[in-house]
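Below: one structure, written as structure tokens.
Residue numbers start from 1 in every chain, and the chains themselves are labelled A, B, ... in the order their sequence lines are given, proteins ahead of strands. Treat the numbers as computed from the prediction; the structure is a model and nothing was measured.
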Amino acid sequence: MAVLEQNPLLEGLELARTPEPCALVIFGASGDLTRRKLFPAIYSLAYRQLLPARFAVVGVARTEWSDDEFRDDMESAVREFARDEFRQDVWDTLAPGVRYVSTEFDSPEGADRLSACLTELDEERGTRGNRVYYLAVPPDVFRLLVRQIGEQRAAEGWTRLIVEKPFGYDLTTARELNQGLHGHFAEDEIFRIDHYLGKETVQNVLALRFANGIFEPIWNRQFIDHVQITVGESLGVERRAGFYEQAGAIRDIFQNHLLQLLAVTAMEPPIDFTAESVRNEKVKVLRAMHTPGPKHIVRGQYGRGFVDGEDVPAYRDEEGVAPDSMTETYVAAKLFLDNWRWADTPFYVRTGKRLPRRETTVAIQFQRAPHPPFAEIAGEGLRPNVLIVHIQPNEGVSLEIGAKVPGHGMQIRTVHMDFLYGGAFRTGLPEAYERLILDAMLGDATLFTRSDEIEEQWAIVDPIVAAWRRDRPVFPNYASGSWGPKEANDLLERDGRAWRTH
Amino acid sequence: MAATMGVERWEGTDVSVGEIERHLADLRSAVDEGGMIRTSVLTHLAWVPPEWEERALETLAGMAERHPSRTIVLVPQPDAGGNGIDATLWLNAFPLPDSGRRVCSEVIELRLRGSLCRSPASIAAPLLIADLPVFLRWRGQPPFGQQQFEELVDLVQRLIVDSTEWPRLPAPYAQLSAIFHRAAVSDIAWARTTRWRRQLASMWPEIAGVRKIRVTGTAAQAHLLAGWLRSRFEKPIGLEHEDSERLIGVELDGEAAPFPPGDPPQPSDVLSEELDRFGRDPVYEAAVGATV
């Protein structure tokens with residue numbers, strides 16, 4: 001590195017960050033995630049020449065496939081799901097380094113074959129013993145794999161682990177998983193994925209806050225009335241009932257994505273954009289978080305109803321769901337942060353399935369104008385300013401402001417000032433997984449969750465779930481295609497507020 | 001991004017600058033059925049003498065909707081009959097994926113007849129979008145020191161040239177150096193050496209001993225590469241140049257450097273990248289300074 005720094009020719013040459021030669025090993029390669037997200041992301045990275053020239057991918061799963069069958073399947077996945085057009089020359093750079101190992105995850109013989117395959121690739125493709133392991137596997141085989149990988153480290157090169165959610169079931173299991181990982185890997189070798197952090201728009205919350213002088217001075221309890229965070233899905237449980245019955249909305253979305261969104265919205269400015277600085281600030285927010293009690297948490301389960309004009313079944317009638325299931329498909333909560341910036345400012349968060357539409361937003365509602373001189377003649381009453389960050393879809397930011405209606409008198413109406421990503425930057429947003437896989441190969445953990453963050457997240461979830469065990473609500477309590485149970489509306493109405501519904 | 005674009009067009013002869021804004025507003029209301037967003041990230045000025053017009057429009061079309069902006073194309077026609085401005089206005093609308101809305105951008109092409117060529121800055125200034133950076137693409141070699149050019153330089157934040165288009169290199173580089181403190185300068189010829197500069201940088205530290213290079217490419221690329229190495233290593237380095245339309249070879253003291261990986265970029269891609277840059281480029285400025 002010292003030699004590179006002295007190289008006067010490098011000055012001003014923006015070297016795209018290219019990772020060192022490495023092999024990416026995907027456990028659970030026959031699953032949906034690999035087909036829909038991982039391989040299309042790898043292809044898009046290759047399309048932009050962001051992968052190292054010496055690179056290989058090894059898929060590992062139970063399905064009995066040959067190298068060629070796996071390659072063909074991945075090719076069709078890329079054709080179907082990649083955001084870039086299929087180009088044979090790009091695929092031809094990837095394909096020769098693609099291998100497949102068919103095995104049970106707990107088979108020592110399979111582990112040996114994988115190990116032999118990787119050694120072969122080191123020689124053939126020059127991957128130098130560097131490995132990124134992507135664990136897209138069920139929790140029960142997780143610990144076993146971690147041990148296996150830890151024990152079979154190559155003599156040279158680095159090893160990194162990308163870990164998919166769910167990361168634990170509660171604080172105790174999360175701690176056990178962390179301990180298991182730390183038995184074989186240092187924290188800077190572990191990359192816990194929360195794909196929300198890979199989204200451009202989530203990173204844009206940081207840009208919005210810390211690259212603009214006008215927002216941060218008013219980004220506090222004095223000027224902000226409250227914050228609403230919505231992660232809404234219009235889909236039902238689909239084919240994930242097996243996992244979802246155990247997890248519910250609180251473990252599927254609330255514990256990770258929602259709390260991460262809240263953390264980036266509320267965190268203090270980090271001193272720089274390095275992994276430790278950013279994550280230190282996020283942990284501080286999570287540590288400061290509390291719920292004012294079980295009454296301020298609402299759970300729900302969808303019943304029958306209409307979404308996009310179609311008659312959809314109740315959760316309990318979905319395939320693989322128990323007919324008396326008490327799993328929640330909706331959670332709303334009022335949260336407080338006990339620090340100087342946010343004391344007494346409520347954060348209302350909600351997530352649910354079968355809501356009217358797919359929408360993830362962070363809405364910052366500012367205080368009302370203290371004394372509008374024209375209150376009487378304002379048509380709809382003066383509304384407070386709201387800054388809305390659209391995470392998806394229609395990625396962008398909009399600000400609701402009051403404007404005078406042209407003509408006589410002083411009618412005020414709320415209008416939107418919009419910044420749409422698609423409008424200003426016409427390049428197409430990269431998929432979250434592209435960014436995250438590349439970052440892991442580069443060893444940059446800024447957009448990944450650290451062990452203490454995970455544990456703080458569970459420390460918030462555990463008491464909520466514990467309180468739920470004591471009562472049995474009447475489920476289902478909201479119709480598919482509605483914005484959730486009535487109790488969720490009451491939660492805000494009690495405070496003289498209301499959920500945004502558009 | 002494949003997108004169909006809706007186009008509204010207006011044409012007029014002997015127009016005033018005030019009329020242009022009014023007709024643009026008319027075009028906007030003609031296509032606006034709600035959901036039209038006017039987003040701009042910059043004003044893109046282009047000075048395009050008639051002999052460059054075809055190539056310039058091709059490059060602009062290739063950029064399509066990548067930089068939503070107001071583009072003002074100034075075509076000087078000092079010898080055309082009479083004095084006046086003829087204008088063609090286009091309004092392009094690009095659909096936004098997954099939403100009913102469209103983004104519109106504007107192209108204003110002004111043909112400046114006769115005496116109107118003398119002070120183009122006074123024509124362009126009222127048409128700039130407030131508070132956004134202004135980029136000026138000057139086709140051909142700028143008439144350094146002349147009013148039409150000097151005025152425009154003072155109006156813009158960034159000047160984009162392609163010194164490949166200049167005759168009698170490297171002499172004009174000395175004049176270019178003189179404006180570095182007034183506007184940031186991008187040179188497309190320089191951008192087109194990037195792949196090779198990366199390649200040469202990877203040959204450090206052996207390359208530091210080089211005494212003479214031989215470049216097969218355009219004259220601009222040869223001079224800029226030599227200037228770059230001289231300024232980086234702070235020592236004289238000899239240059240031999242063999243003319244070729246594209247940069248296809250660099251020899252260091254008689255030994256050929258390996259060909260860099262990847263494909264050379266398209267003209268629209270190069271310009272598009274230059275429109276994403278805002279600051280001055282000290283490495284380029286030093287290289288230009290060392291060409292002569």
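- Heavy-atom distances place no part of B:Y284 under 4.5 Å from chain A, backbone and side chain included.
- In this structure, A:N7 contributes its side chain and B:A201 its backbone to a donor-acceptor pair below 3.5 Å.
- By the neighbour-count criterion of 12 heavy atoms within 6.0 Å, atom CZ of B:R246 is sparsely surrounded, having that number or fewer from other residues, nucleotides or ligands.
- Rounding to the nearest 0.5 Å gives a distance of 11.5 Å between CZ of B:R197 and CG of A:L10.
- Within 6.0 Å of NZ on B:K212 lie no more than 12 heavy atoms contributed by other residues, nucleotides or ligands.
- The shortest side-chain heavy-atom distance between A:L9 and B:W228 falls under the 4.5 Å cut-off.
- Summarising the local packing, CD of A:Q88 is surrounded by more than 12 heavy atoms from other residues, nucleotides or ligands at distances under 6.0 Å.
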